[in-house]
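We number each residue from 1, following the sequence as shown. Below, each value reflects all heavy atoms present in this structure, side chains not excepted, and no hydrogens, waters or symmetry copies.
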Amino acid sequence: MSVKRFYETFHPEHYDLFIDVNRSKKTINGTSTITGEAQAATVCINQKYMKISSVRADGKYVPFTVSDKDEAIKIDLGKPGKTTIKIDYSAPLTDSMMGIYPSYYEVNGVKKELIGTQFETTAARQAFPCVDEPEAKATFSLALKFDEHDGEIAIANMPEVKVENGIHYFEKSVRMSSYLVAFAFGEMQSKMTKTNDGVKIGVFATKAHKPKELDFALDIAKRAIEFYEDFYQTKYPLDHSWQLALPDFSAGAMENWGLVTYREAYLLLDPDNTTLEMKKMVATVITHELSHQWFGDLVTMNWWDNLWLNESFANMMEYLSVDALEPNWHIWEMFQTTEVPAALNRDATDGVQPVHVQVNDPAEIDSLFDSAIVYAKGSRLLVMVRSLLGDDALRKGLKYYFDHHKYGNATGDDLWDALSTATDLDIGKIMHSWLEQPGYPVVNAKVDKNGHLILSQKQFFIGKGKDVGRKWEIPLNANFDAPKIMSEKQVDLGSYKDLRNKAGHPLRLNVGNNSHFIVKYDATLMKDIMSELDKLNPISKLQLLQDLRLLAEGKQISYAKIVPILTEFADSKSSLVINALYSTASKLFQFVTPGSEEEKNLKAFYNKLSEKQVARLGWNPKPDENDEDKQIRPYELGANLYANNKNSINEAHKLFNENKDNLEAMNAAIRPFVLINEVRNFGDSRLIERLIKEYQRTSDPSYKNDITGAVTLTKDPEEIKKIVADFENADIIKPQDLRGWYGNVLMNAHGQQFAWDWIRNDWSWLEKTVGGDMEFATYITVTSNIFHTPKRLQEFKVFFEPKVNTPGLTREIKMDTKVIETKVELIGKEKAAVNKAVKEAL
């Protein structure tokens, strides 16, 4: 029998799960007892990698067949109706970071294991037979047994009720989807608190960490739950909210209801030596996952095609909540420097998926997790909705949504219907134009020969793109008289002179940079804006650079024209503007060959951009300096070291020598640059060996990151060979961290060939190690982001085109081939002009 969805054959209501995990034998044995309503005489239950020993229905053995291809157990019940199916099974305990799996860590040189779970998207079926689809919500009672020794604990979605005969019993859960079930066991430390409403908040980690590393997360989690209860006007529905740091974890974090799991780097931090950027990062990851406890867990998308409904919303809420918890952080600025450029870059390549995508094959579901679209673009669209509605209407609409769909499932239209109860705007109509279509428009603003201001919209492409006449409902956010929403292809706003006189300032669109489009101003309008550049706020300056950079990528203007403008921004005291400056300037690297005369000029240009700022700020952070300066310093130090500035090279070397006995304790804000400088300019094999030992020893994720960034920049081919040889040694580089190491070596001109040879020669090893999860396809993205020469394009095609029909990789390979082709074409056309402009700017 061929079934599109297993839920069509069986509606589960309750699971009694007995799961026995034996770490030493690497086995899982269990019984999944499912009470529910059979919709047909033959039902389908999901399984993956399992041996099924028996199936009973209402106490009687019944015939069944197992299909590994369909990930199914087909059970012949004889008749539809209410039934209890009992399935005995066994399965391997694997190292794939999916299903039930071990995390490895060391305490004082002793190797230990912590068992955790990761079931999204379709891996609950590796842990217990179930109808593993979001719509198949049920309650779950978990009984967990394991080869337990003294000092170990077990935690799960719900509180533990009792332990009998070595079996841990947990309270029956609320109605939820299978992919949100979670548990963990092993030796753990924890810190606890309670919200004002009595919800228990806990942070759990291995004992490899200092207890103080749990404090920051505990504080943010408590305040976030309190904030969401108020903002959503809907109580948190469980007794507790546990946050667990797993030493091995493929994704960033996972919103399992009541037991959220995280990479250690995104939950734990040393409060005494952490950058503000890292605090912001960890806070937004925690608030993202806790937003999901309502948006995703309490109300879940009906099917994976509405994944954006979970992720886009949580991505917006992480910023909205952190802004409320820590207003001095100006967290929306981070949204502008991370989510916005990610969405604009990816969404301009022809062939990109829309936010809302049809999908059925389980192998294709993971490919939906295109972070630049489902997370970044989706959240940008919701920011657009928020600015149209205002917070009062947004909250009113959300309360309606939760009240009507709690413990159930929903689609995007259910959300628009709920929000429409609080506004006169047709939110559904506006949003469909953005969610169902890929891409976004460039709005051309020009003064025509009659002196009229004309706005027109057209899809924007980086590289070749087929214009099929798409148009969008564009919230213009103009700073002068203009329609609120531009629905037409073209509008005539009347006399520019009159509009300009009435406004009293240069005319600009998308003020605040909240709508998902870019603007191309004609020469008249651009000249007017540049004449009052110093009056623009930081977001407007960032936006100006962002739009110019994208227009240059799309070959609508020349990069050579942007080069002289960059120096206008170099002395800014805004970290937002400095971020935009270096995001744009970094694009100039692709136009120079490492070690060439052109690169010397580019380094001198970088010196010109950064020298004054480094002199102003100094290398050592000052106790009383403001947050802007704290955030500007890393950009300037990185730029100045790239420029080979002698003073900076010597200062960093001095700081290394002063701290060489305890590098980990060095100020986290400057440590990465001190280590990079040391490896690049003073390093030898002894230093790299020492840093890699430090990498293995430390449990501080930021320090690990700093070491990765430094050692992968070595110029020594022998050292690079050793590093690449360790790519497959999980005792040194965990599979979860490998992509970062690979990307860094690939970016190093001295290491690129070694990394590229490795991925081609050992692709099957990589597929076996991380092929089961959503990280896998991103190795292709990382490669295409770095490659930009005809030779590499050809090699990329030769290697990846034969793999184009691999489920989950098809779109990635096609798009990333285009990404490299576009860069090769751009460089061929612009190289001479850009390098001339850099030379003239010195």
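Under the 3.5 Å distance criterion, the side-chain polar atoms of Thr9 are matched with a main-chain donor or acceptor of Cys44. Ser173 places a side-chain N or O within 3.5 Å of a backbone atom of Phe140 that can act as its donor or acceptor partner. In this structure, Asp816 contributes its side chain and Thr781 its backbone to a donor-acceptor pair below 3.5 Å. In this structure, the side chain of Glu812 does not engage the main chain of Ala777 through any donor-acceptor pair within 3.5 Å. With hydrogens and angles disregarded, a donor-acceptor distance shorter than 3.5 Å links the side chain of Thr769 to the backbone of Trp765.
Closest heavy-atom contact between Tyr7 and Val131: N-CG1, 3.9 Å. Summarising the geometry of Ser177 relative to Pro134, their closest heavy-atom pair is OG-O, 2.7 Å, with the distance given to 0.1 Å. Here the closest heavy-atom approach between residue Gly166 and residue Lys145 is recorded as O-CG, 3.8 Å. The nearest pair of heavy atoms linking Phe146 to Ala154 is CE2-CB, 4.0 Å. When all heavy atoms are compared, the tightest approach of Ala184 to Leu259 is N-CD2, 4.3 Å.
Between Asp68 and Gln47, the side chains place a donor N or O and an acceptor N or O closer than 3.5 Å (distance only, hydrogens not considered). For Thr31 and Asp88, the side-chain atoms include at least one donor-acceptor pair closer than 3.5 Å. In summary, the side chains of Thr139 and His14 do present a donor paired with an acceptor at a separation below 3.5 Å, with no hydrogens or angles considered. At a cut-off of 3.5 Å, with distance as the only test, a side-chain donor of Thr261 or Asn256 sits close to an acceptor on the other residue. Using modelled atom types and a 3.5 Å distance limit, the side chains of His404 and Asp414 yield no donor-acceptor pair. For the 3.5 Å distance criterion, the side chains of Tyr104 and Asp95 qualify, holding a donor opposite an acceptor. Residues Tyr89 and Ser54 bring no donor and acceptor atom of their side chains to less than 3.5 Å of each other. Side chain to side chain, Glu160 and His168 meet the donor-acceptor criterion of an N or O pair below 3.5 Å. A donor and an acceptor atom, one from each side chain of Ser178 and Asp132, are located under 3.5 Å apart. Neither side chain, Ser379 nor Ser312, offers a donor N or O lying under 3.5 Å from an acceptor on the other. Between Asp762 and Ser764, the side chains place no donor N or O within less than 3.5 Å of an acceptor N or O (distance only, hydrogens not considered).
Both cation-pi conditions hold for Lys162 and Tyr169: the charged atom is under 6.0 angstrom from the six-membered ring centre and inside a 45 degree cone around its axis.
Residue Met254 holds its CE atom at 12.5 Å from CG of Leu246, rounded to the nearest 0.5 Å.
The local environment of NZ in Lys137 is crowded, with over 12 non-hydrogen atoms from other residues, nucleotides or ligands closer than 6.0 Å.
The pair Glu152-Arg23 meets the salt-bridge criterion, with a side-chain N (NZ, NE, NH1 or NH2) lying under 4.0 Å from an Asp/Glu carboxylate O. A salt bridge does not link Glu311 to Lys377: none of the charged nitrogens lies less than 4.0 Å from a carboxylate oxygen.
Aromatic ring centres of Tyr262 and Phe249: separated by at least 6.0 Å. Phe402 has its ring centre less than 6.0 Å from the ring centre of Phe295. For Trp308 and Phe313, the ring centers are positioned 6.0 Å apart or more.
Using cut-offs of 30° and 60° for the angle between ring planes, the Phe183 and Phe119 rings count as perpendicular. Between His240 and Trp242, the ring-plane angle classifies as parallel under the 30° and 60° cut-offs. Using bins of under 30°, 30° to 60° and over 60° for the plane-to-plane angle, the ring pair His288/Tyr375 lands in the parallel bin. Between Trp763 and Phe776, the two ring planes are tilted [angle within 30° to 60°].
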Q) Stepwise, does the salt bridge (Lys or Arg N to Asp or Glu O under 4.0 Å) test hold for Glu71 with Lys48? A) CA-CA 5 Å; Glu71 300 181 358; Lys48 193 173 182 183; 3.6 Å; yes
Q: Quick one: do Leu238 and Trp257 satisfy side chain to side chain contact (heavy atoms under 4.5 Å, CB included)? Show the steps, please.
A: CA-CA 8 Å; Leu238 307 181; Trp257 214 356; 3.5 Å; yes
Q: Determine, stepwise, if the pair Asn46 / Phe6 fulfils side chain to side chain contact (heavy atoms under 4.5 Å, CB included).
A: CA-CA 8 Å; Asn46 284 111; Phe6 288 14; 3.2 Å; yes
Q: Any chance you could lay out the side chain to side chain contact (heavy atoms under 4.5 Å, CB included) test for Leu298 and Met176, step after step, and finish with the verdict?
A: CA-CA 7 Å; Leu298 180 63; Met176 61 196 274; over 6 Å; no
